[in-house]
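Everything on this sheet refers to the single structure shown next.
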Amino acid sequence: MKIIAFGGSSSKQSINKKLATYAAGLFENADVEILDLNDFELPLFSVDKEAEIGKPELATKFLEKLDQADILVISLAEHNAGFSVAFKNIYDWASRTDKLVFREKPMLLLATSPGRGGGKNVIEAAKISLPKYGGNIKDTFSLPSFNENFDSEKNVISNPEFDNRLKQIIRNFATN
């Protein structure tokens, strides 16, 4: 089983990438590949820019990576209650090459934030948007107060309640 995971942020210290990496590692007998959105950085999408440069090779490479997955684990960063620019931009560019960006692959959708909301707004936005573009969201998980509930040195959820909840979601995910 191949898992493609990434955090929906371009931050080099992305807490969402840390959460996606941790969650992907909980799947048993899986080959996990962690993507970095910085490897898919493109000019801001616009129809004018598309007319100028065409369909960028990086957007195609992003889609090819998603094609390789049996499961997608995506942890979205929440910026002003919505997607980060880094995620939205590659999403927009990729959708111009193939509308089914997320390839109908089973998806575990995550979010975290330093605050108590845990990225719940971006999860709600994703539930509306991603299915229209091939997002087959099987389950979601939000981790509030990242710095209080995640041990960045050990790269694990340190709060047993949240950790057990995520592990149960993954056990259920693997059997569905």
Side-chain angles (χ1 to χ4, degrees), residues 2-27 30 32-46 49 56-66 68-69 71-96 101-103 105 107-130 133 135 137 139-159 162-163 165-166 169-170:
K2 172 84 174 197
I3 296 176
I4 298 290
F6 62 90
S9 167
S10 60
S11 170
K12 290 181 182 358
Q13 303 300 319
S14 171
I15 60 178
N16 280 283
K17 186 176 179 182
K18 289 178 183 182
L19 180 60
T21 301
Y22 175 67
L26 294 174
F27 284 85
V32 176
E33 182 176 355
I34 309 298
L35 303 182
D36 186 329
L37 290 188
N38 290 301
D39 295 335
F40 302 96
E41 188 173 320
L42 292 164
L44 288 177
F45 175 79
S46 73
K49 186 58 77 174
E57 185 178 336
L58 282 178
T60 300
K61 287 184 178 190
F62 181 74
L63 291 168
E64 288 170 354
K65 286 292 185 183
L66 300 186
Q68 296 171 12
I71 295 173
L72 298 173
V73 175
I74 303 171
S75 187
L76 295 173
E78 184 175 293
H79 291 191
N80 298 324
F83 299 126
S84 74
V85 171
F87 175 74
K88 185 67 168 77
N89 199 48
I90 190 61
Y91 177 16
D92 286 344
W93 277 111
S95 74
R96 301 298 281 197
V101 173
F102 302 102
R103 323 314 255 175
K105 305 284 181 160
M107 179 188 295
L108 174 56
L109 187 61
L110 315 166
T112 190
S113 70
R116 292 180 291 180
K120 288 183 180 177
N121 290 317
V122 76
I123 285 178
E124 291 306 311
K127 286 180 180 177
I128 294 167
S129 177
L130 272 52
Y133 295 87
I137 302 168
D139 216 331
T140 64
F141 174 80
S142 169
L143 180 67
S145 306
F146 180 84
N147 297 318
E148 296 165 24
N149 293 309
F150 195 93
D151 184 332
S152 288
E153 287 183 22
K154 295 179 182 174
N155 291 312
V156 298
I157 294 176
S158 55
N159 180 309
F162 290 119
D163 195 43
R165 188 177 315 151
L166 178 59
I169 287 169
I170 289 173

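- For the pair L35/K65, a side-chain contact is recorded, criterion being any heavy-atom separation below 4.5 Å from C-beta on.
- For the atom pair L72 CG and K105 NZ, the distance stands at 7.5 Å (nearest 0.5 Å).
- Residue F87 comes nearest to G8 through the heavy atom pair CB-O, 3.9 Å, listed as atom of the first residue, atom of the second, then distance.
- W93 contributes no side-chain N or O that, together with a main-chain N or O of T60, makes up a donor-acceptor pair within less than 3.5 Å.
- No salt bridge links K61 with E64; every basic N to acidic carboxylate O contact stays at or beyond 4.0 Å.
- With sequence neighbours left out, the side-chain contact (heavy atoms from CB on, under 4.5 Å) criterion links S14 to S9, S11, N16, K17.
- Listed by chain and number, the residues in a side-chain hydrogen bond (donor to acceptor under 3.5 Å, both in side chains) with K88 are D92 (sequence neighbours excluded).
- Distance check: T112 OG1 to F150 CZ gives 8.5 Å after rounding to the nearest 0.5 Å.
- Atom CG of L63 and atom CD1 of I90 lie 7.5 Å apart (nearest 0.5 Å).
- Annotation: side chain of L166 is in contact with side chain of L26 (closest heavy-atom distance under 4.5 Å).
- S158 is linked by a side-chain contact (heavy atoms from CB on, under 4.5 Å) to D151, counting only residues two or more places apart in sequence or in another chain.
- Side chain of K2 to backbone of Q68: no donor-acceptor contact under 3.5 angstrom is found.
- F102 and Y133 have their aromatic ring centers separated by at least 6.0 angstrom.
- In terms of heavy atoms, A111 sits closest to V122 at CB-CG1, 3.9 Å.
- In this structure, CD1 on I157 lies 14.0 Å from NZ on K154, to the nearest 0.5 angstrom.
- For the pair S152 (side chain) and N155 (backbone), a donor-acceptor distance under 3.5 Å is absent.
- When all heavy atoms of F45 and R96 are compared, the pair lying nearest together is CE1-CG, 3.5 Å.
- For the atom pair CG (N159) and CG (N149), the distance works out to 4.5 Å, reported to the nearest 0.5 Å.
- For the atom pair CD (E41) and CG (N38), the distance works out to 6.0 Å, reported to the nearest 0.5 Å.
- Side chain of S10 to backbone of L37: no donor-acceptor contact under 3.5 angstrom is found.
- The side-chain heavy atoms of T21 and F6, taken from C-beta on, include no pair separated by under 4.5 Å.
- Within the 4.5 Å cutoff, the side chain of L108 has no heavy atoms near those of the I74 side chain.
- When all heavy atoms are compared, the tightest approach of A20 to L110 is CA-CD1, 4.0 Å.
- Looking at every heavy atom in both residues, P56 comes nearest to L42 through CB-CD2, 3.6 Å.
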Under 3.5 Å, side-chain donor or acceptor atoms of residues 139-147 against the rest of the protein: list the pairs with distances, not counting sequence neighbours.
residue	atom	partner	partner atom	Å
S142	OG	G118	O	2.7

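- Minimum interatomic distance between N121 and E78 (heavy atoms only, all atoms of both residues): N-OE1, 2.9 Å.
- Taking the side chain as every heavy atom from C-beta outward, D163 and V156 never approach each other to under 4.5 Å.
- Residues passing the side-chain contact (heavy atoms from CB on, under 4.5 Å) test with A126, sequence neighbours excluded: L76, F83, L109, L130.
- Legend: residues meeting side-chain contact (heavy atoms from CB on, under 4.5 Å) with L44, ordered by chain and number and at least two apart, are V85, N89.
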